[in-house]
Every structure is written in structure tokens, then in C-alpha cells.
Amino acid sequence: MPEQTPSQTVGPYFAYGLVPESYGRPGIAGGRIGDERSPGERIVVTGRVIDGAGNPVIDSLVEVWQADAEGRYDHPADGRGADFHGFARVGTDGSGAFRIETIKPGQVAGADARPQAPHLNVTVFARGLPDHAYTRIYFGDEAEANAADMVLNLVEPARRGTLVARREDTAGGPVYRFDIHLQGDAETVFFDA
């Protein structure tokens, strides 16, 4: 009987290939969504990607897709013409940190046409993940909208906090802190695609 072959993990190649900016090369997407012409509240979202042992994941990739300040997506299915492309891709640095400059998104309609709370759609790629992981970032200062959000309400109440970024008002503008825990007691809630 043949022996079982060792399992394979996804390698760190995505950091080099998909976020070449981190290595001094031009890329197709950066950590900035929109520009000074994009209407809406300018915000920064920053955080770290952390593994199950509490260590930073230094070569992971975080992708964000979002609606504009009016809740419009830059996608043919939306058809309303968003103010920006709504997409960013960043790699984590030597401390597992990422930073995205963007506009706070507006509310978008859910599958049942009820408004969803403002959120960012996030995909995480990391070494050791056999497939990428999907999650969302909600905003801590949107308590009323978060309480009515149909997706957030599908999550066990004790774990909803893993999807909510904490706002800090700084001299440079609002900064939302959001760590992504891949495993462990504080594991971020991830969704099926």
C-alpha cells in the first residue's frame, strides 16, 4: 500500500506576485481606494493578520472590495455608477500589519432589499490556508445599522465583535482598527463564498 503523501500548503508566492509594491515594484492595485476627488468621509483601516499562536502573519495578502459613500458598487450588476473602483490589495509587513486608505462606504441593499450596515468585503490569503478566507469589516460607530444588518445577525452574538472595527479619531482623521485572527479564541468570523 502506498504511503500517504505529505500535505501541501499555499506558499507565500502571492505576496511577491500580487502586492509587488511591498517589494519596490509597481502593481495593479494598492492600499488606497479612491482619491481626493472621491466624495465621502476619508478613513484609514489598519490592523494585523495574526495566526492561531498569536504570531503575526508577515506575508499575507488582504483584499478589500466596497461600495462608495452612496452605497454603489463599481460593478455592472449595480449599474448606478460608483464614484471609484472600490478595490484595494495590500500585503502585510514584518509585523503582520496592513493599512488601507479609503472612503467610508454607504449602506447597500441586501438580498431582501433591506439596507445592510456599511461594511468592507475582505478576502484574506495566507500561508497555510488551503483556500482564501472571506470576512467583513463593520464599523463600531454604526451601532444602529449593525444591529439591523441581516448578515451580522446570522453570527453568534458572542462572535459579532470579531467583525467590528474600532474607531479612533486622530489628528490625521478617523482610523478604524481591525485585527484578523486566523484561528484561536479570538478567531475572526469567516464566511463561505
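Heavy-atom basis, side chains included; hydrogens, waters and symmetry copies ignored.
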Asker: May I have the step-by-step check of side-chain contact (heavy atoms from CB on, under 4.5 Å) for Asn146 and Arg160, ending in yes or no?
Answerer: CA-CA 10 Å; Asn146 291 346; Arg160 289 179 191 159; over 6 Å; no
Asker: Testing the 3.5 Å rule here: is there a donor-acceptor pair between the side chains of Tyr73 and Asp68?
Answerer: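 No, because no side-chain N or O of Tyr73 sits under 3.5 Å from a partner of the opposite role on Asp68.
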Asker: For Val44 and Arg99, run side-chain contact (heavy atoms from CB on, under 4.5 Å): C-alpha distance rounded to whole Å, both residues' side-chain angles, the deciding distance at 0.1 Å, then the answer.
Answerer: CA-CA 7 Å; Val44 170; Arg99 175 186 169 92; 3.6 Å; yes
Asker: Would you kindly say whether Thr162 and Thr188 are connected by a side-chain donor-acceptor distance under 3.5 Å?
Answerer: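 Thr162 vs Thr188: no donor-acceptor pair found between side chains.
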Asker: Please answer whether the main-chain N or O of Ala77 pairs with a side-chain N or O of His75 as donor and acceptor at a distance below 3.5 Å.
Answerer: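 Yes; at least one donor-acceptor contact below 3.5 Å.
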Asker: Looking only at atom types and distance, does a side-chain atom of Asp78 sit under 3.5 Å from a main-chain N or O of Arg72, one as donor and one as acceptor?
Answerer: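 A pair under 3.5 Å: no.
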Asker: Is Thr92 reaching over with its side chain to a backbone N or O of Ala97, donor-acceptor style, under 3.5 angstrom?
Answerer: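 It does not hold such a pair.
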Asker: As a test of understanding, state which of Val45, Leu120, Ile137 forms a side-chain contact (heavy atoms from CB on, under 4.5 Å) with Gln66.
Answerer: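 Looking at Val45, Leu120, Ile137, the match for Gln66 under the side-chain contact (heavy atoms from CB on, under 4.5 Å) is Leu120.
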Asker: Assign the ring pair Phe139 / Tyr176 to parallel, tilted or perpendicular, where the plane angle (0 to 90°) is split at 30° and 60°.
Answerer: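 Plane angle over 60°, so perpendicular.
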Asker: When you measure from the side chain of Asp169 to the backbone N and O of Pro174, does any donor-acceptor pair fall under 3.5 Å?
Answerer: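 Judged by distance alone, no pair lies under 3.5 Å.
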Asker: Any donor-acceptor pair under 3.5 Å linking the side chain of Asp51 with the backbone of Leu182?
Answerer: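 Checking the backbone N and O of Leu182 against the side chain of Asp51, no donor-acceptor pair under 3.5 Å is found.
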Asker: What about Val64 and Ile103, same hydrophobic cluster or not, with Ile/Leu/Val/Met/Phe/Trp/Tyr joined at side-chain heavy-atom distances under 4.5 Å?
Answerer: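 Yes; Ile103 is reachable from Val64 via cluster members.
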Asker: Taking 4.0 angstrom as the limit, do Glu168 and Arg177 come out as a salt bridge?
Answerer: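 Between Arg177 and Glu168 there is a salt bridge, with a charged N closer than 4.0 Å to a carboxylate O.
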Asker: Looking at Asn153 and Ala147, would you say the former's side chain and the latter's main chain have a donor-acceptor pair under 3.5 Å?
Answerer: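 Yes, Asn153 side chain to Ala147 backbone: donor-acceptor pair under 3.5 Å.
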Asker: Ion pair present between Arg167 and Asp141, side-chain N to carboxylate O less than 4.0 angstrom?
Answerer: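 Salt bridge flag = yes for Asp141 with Arg167.
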Asker: Taking Asp149 for its side chain and Ala117 for its backbone only, find out whether a donor-acceptor pair lies under 3.5 Å.
Answerer: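 Yes, because the side chain of Asp149 sits within donor-acceptor range (under 3.5 Å) of the backbone of Ala117.
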Asker: Before giving the answer on side-chain contact (heavy atoms from CB on, under 4.5 Å), spell out for Arg166 and Phe178 the whole-Å C-alpha distance, their side-chain angles and the decisive distance to 0.1 Å.
Answerer: CA-CA 7 Å; Arg166 186 183 71 251; Phe178 185 81; over 6 Å; no
Asker: Closer than 3.5 angstrom, by distance alone: can the side chain of Arg80 be matched with the main-chain N or O of Gly71 as a donor-acceptor pair?
Answerer: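 Checked: pair present.
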Asker: Look at the side chain of Arg32 and the backbone N and O of Thr102, then say whether any donor-acceptor pair between them is shorter than 3.5 Å.
Answerer: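 Not at all, since once roles are kept as given, no pair shorter than 3.5 Å links the two residues.
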Asker: Linking Ile, Leu, Val, Met, Phe, Trp and Tyr by side-chain heavy atoms under 4.5 Å, what else ends up with Met150?
Answerer: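 Besides Met150, the cluster holds Tyr138, Val151, Leu152, Val155, Leu163, Val164, Val189, Phe191.
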Asker: Search all heavy atoms of Ile33 against all heavy atoms of Gly86 and return the closest pair with its distance.
Answerer: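 What the structure gives for the nearest pair is CG2-CA, 3.6 Å.
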Asker: For the residue pair Gln107 / Arg114, report whether a side-chain donor-acceptor contact shorter than 3.5 Å exists.
Answerer: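 Judged by distance alone, the side chains do not pair up.
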Asker: Can Asp59 and Arg127 be said to form a side-chain contact (heavy atoms from CB on, under 4.5 Å), step by step?
Answerer: CA-CA 8 Å; Asp59 58 354; Arg127 180 181 336 148; 2.5 Å; yes
Asker: Are the side chain of Thr46 and the backbone of Phe98 linked by a donor-acceptor contact shorter than 3.5 Å?
Answerer: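 Yes: the side chain of Thr46 pairs with the backbone of Phe98.
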Asker: Would Tyr134 and Phe190 count as a close aromatic pair, with their ring centres under 6.0 Å?
Answerer: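 Distance test on ring centres: not under 6.0 Å, no.
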